[in-house]
Amino acid sequence: MSETRKPPLWLSLVLFAFVGCLIMASVRIWKTDIHIILILGAVAAGIIGVLYLKNDYTSVERGIIDGIMSGMQACLILYTVGTLIGTWIVSGVVPSMIYYGLMVLRPSIFLFATLIICTISSLATGTSWGTSGTVGIALMGIASGLGIPAPLTAGIIISGAYCGDKMSPLSDTTNLAPAVSGTDIFQHVRAMCWTTLPTYAIVTVITLVLGIKYAGGNIDASKIEAMQSIMKAEFWINPLALIPPIAVICLSAMKKPALPSLWAGVFIAAGFAFYHGIDIKGMLNVMQNGYVSTVSKSIADAASNAEVLTKVLADNNISVAQDIAVKSAKNILELMQRGGLQSMNWTVSLILCAFAFGSVMESCGFMHAILEAILKPIKSVGGLITATLLSCAVCDLFLSDQYLSIAIPGRMFKPAYDAKGLHPRMLSRSLEDSGTLLSALVPWNTCGAYQAGVLDVPTFEYLPYAFLNYLNPLIAAFLTYMGIGIFWRGADGEPVKGGKTRPAELVD
């Protein structure tokens, strides 16, 4: 058998760039999903690896299987999250969080309130897209009435939506990053607090200062009233509905495993739903296929018939203008009609495809060649973190997808973090600090294209005001160079807080 060759750097870069170009074409020109492109990329890398580099096919196949298996925990959590979202909607958990969030709107703190509301919504649902496409649209309309510039409002909406998304245990990216890095979701969320909370504090101050300029405006309370009235007619709205997320947060603080903690949230929410009339068949269907709207769907469906619409509103004791009721119902319908185990299949299949491509690139040595070139000049922990942040940014630019901007750099940099003795949570944190947040600032990235389309503001116009998205990576790099929030891997794999160098007690 011929000796295995080491892939040259130029070949590794050409292969990576070729797949990146196909992904960009798939997203921007062909308007198709990128799953098959990733599979074809894995096939191309495998052919070159076996026929030209003389890798054993069995070892390449084993690498794919091992890589996919490393992502199985994330897939299990994502399926659990889909189930949890459905139960949290039908039981009134998510509607209550949004309902009470809308109550804090005041002219003098509109931008600040927008940041908080979008953060809460994304934290509750695990989706920045859903938040900006529903609550975000409503807030854009309110801002217009106050005379607040659309790009500024859109930037604040995106800042809040992506902050909640990256910190939510329900988010797919929040599950993907620790799976790639080799840690668990709660370690990951705790690690992100070190970089996200300081950034959020800065953005909060910015929104309060900017909001002073628009303190004299008047909010159209009818839009808020309509959303709250419809949600109250369809869901159980009560402060007690906040118990399930509080329970999950408490279990996280107690360092309990992710899956049992999330299922505890499912069962508590299901108990509330049963108490308020949902039968077993209905609950099982919600857990499997997601929540199907009732009141808001009836209002939206009756939009073209004034007589029927009047009756629907009267039957549900909703006394708001018909046109506002219809718009609000459509917003609620888009936000709430989601969840269920089946809703996660697209994301899970994309994760599997990304892991397959990354595993072939790794097992054939392509990633090692690229990583070796990147790491050659890097000596410090700050340099390693910065290189990770920049690599995620490059992937956001050239691969046009936030999942790949987490999965590919995660696979590339994991050996370097292990070699330095850093805890895996440092890698997972860096992947989200850059890969997740910067995706919304690239016009041809799926996230940037979506946000621009749904908020009707070009990406480059809202970019300067999406403060959290570009400040977070900068603060992450700065804190690392300052030796703040650095965690090393202990003897039993536990995180040990230290500085720029590994603590003396951990050095062999």
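All values below were derived from every heavy atom in this structure, side-chain atoms included, with hydrogens, water molecules and symmetry-related copies excluded. Small disclaimer: the values here were computed from a predicted structure and weren't measured.
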Within the distance-only criterion (no hydrogens, no angle test), does the side chain of [X] pair as donor or acceptor with the backbone N or O of [Y] below 3.5 angstrom?
X      : Y      : answer
His35  : Trp346 : yes
Ser121 : Ile117 : no
Asp433 : Thr195 : no
Ser122 : Thr119 : no
Thr196 : Cys193 : no
Gln187 : Arg425 : no
Ser439 : Gln402 : no
Thr83  : Gly340 : no
Ser171 : Met167 : no
Ser434 : Ser430 : no

To the nearest 0.5 Å, what is the distance between [atom1] ([X]) and [atom2] ([Y])?
X      : Y      : atom1 : atom2 : result
Tyr462 : Ile156 : OH    : CD1   : 13.0 Å
Ile85  : Arg338 : CD1   : CZ    : 7.0 Å
Ser96  : Ile120 : OG    : CD1   : 12.0 Å
Leu15  : Phe366 : CG    : CZ    : 5.5 Å
Arg429 : Lys166 : CZ    : NZ    : 9.0 Å
Leu115 : Cys163 : CG    : SG    : 7.5 Å

Closest heavy-atom pair and its distance - [X], [Y]:
X      : Y      : result
Pro495 : Phe487 : CB-CD2, 3.9 Å
Thr459 : Pro443 : OG1-CA, 3.6 Å
Ala45  : Val360 : CB-CG1, 3.5 Å
Ile486 : Leu422 : CG2-CD2, 3.9 Å
Ile157 : Gly136 : CD1-O, 3.3 Å
Ala369 : Ser12  : CB-OG, 3.5 Å

task: Inspect the contact between Arg411 and Glu362 and indicate whether a charged nitrogen and a carboxylate oxygen are less than 4.0 angstrom apart.
output: yes
query: Going by an N to O cut-off under 4.0 Å, is there a salt bridge joining Lys327 and Asp323?
result: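 No salt bridge links Lys327 with Asp323.
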More than 12 heavy atoms of other groups within 6.0 Å of [X] [atom1]:
X      : atom1 : answer
Ile36  : CD1   : no
Lys376 : NZ    : no
Lys420 : NZ    : yes
Met482 : CE    : no

Please tell me whether [X] and [Y] have a donor and an acceptor in their side chains that are separated by less than 3.5 angstrom.
X      : Y      : answer
Asn345 : Gln342 : yes
Tyr481 : Ser380 : no
Ser293 : Ser296 : yes
Thr32  : Ser26  : yes
Asp172 : Tyr403 : yes
His188 : Glu432 : yes

Are any non-hydrogen side-chain atoms of [X] and [Y] less than 4.5 angstrom apart?
X      : Y      : result
Ile475 : Ile202 : yes
His423 : Thr183 : yes
Ser428 : Val180 : no
Leu384 : Thr480 : no
Leu404 : Ile34  : yes
Ile158 : Ser128 : no
Tyr162 : Gln451 : yes

Counterpart residues, ring-ring contact (aromatic ring centres under 6.0 Å, His included), relative to Tyr291 (two or more places apart): Phe235
- request: Might you work through the side chain to side chain contact (heavy atoms under 4.5 Å, CB included) test for Phe357 and Leu352, ending with a clear yes or no?
  value: CA-CA 9 Å; Phe357 173 64; Leu352 296 180; over 6 Å; no
message: Applying side-chain hydrogen bond (donor to acceptor under 3.5 Å, both in side chains) to Tyr417 and Ser181, what does each step give before you reach the verdict?
response: CA-CA 9 Å; Tyr417 280 74; Ser181 307; over 6 Å; no
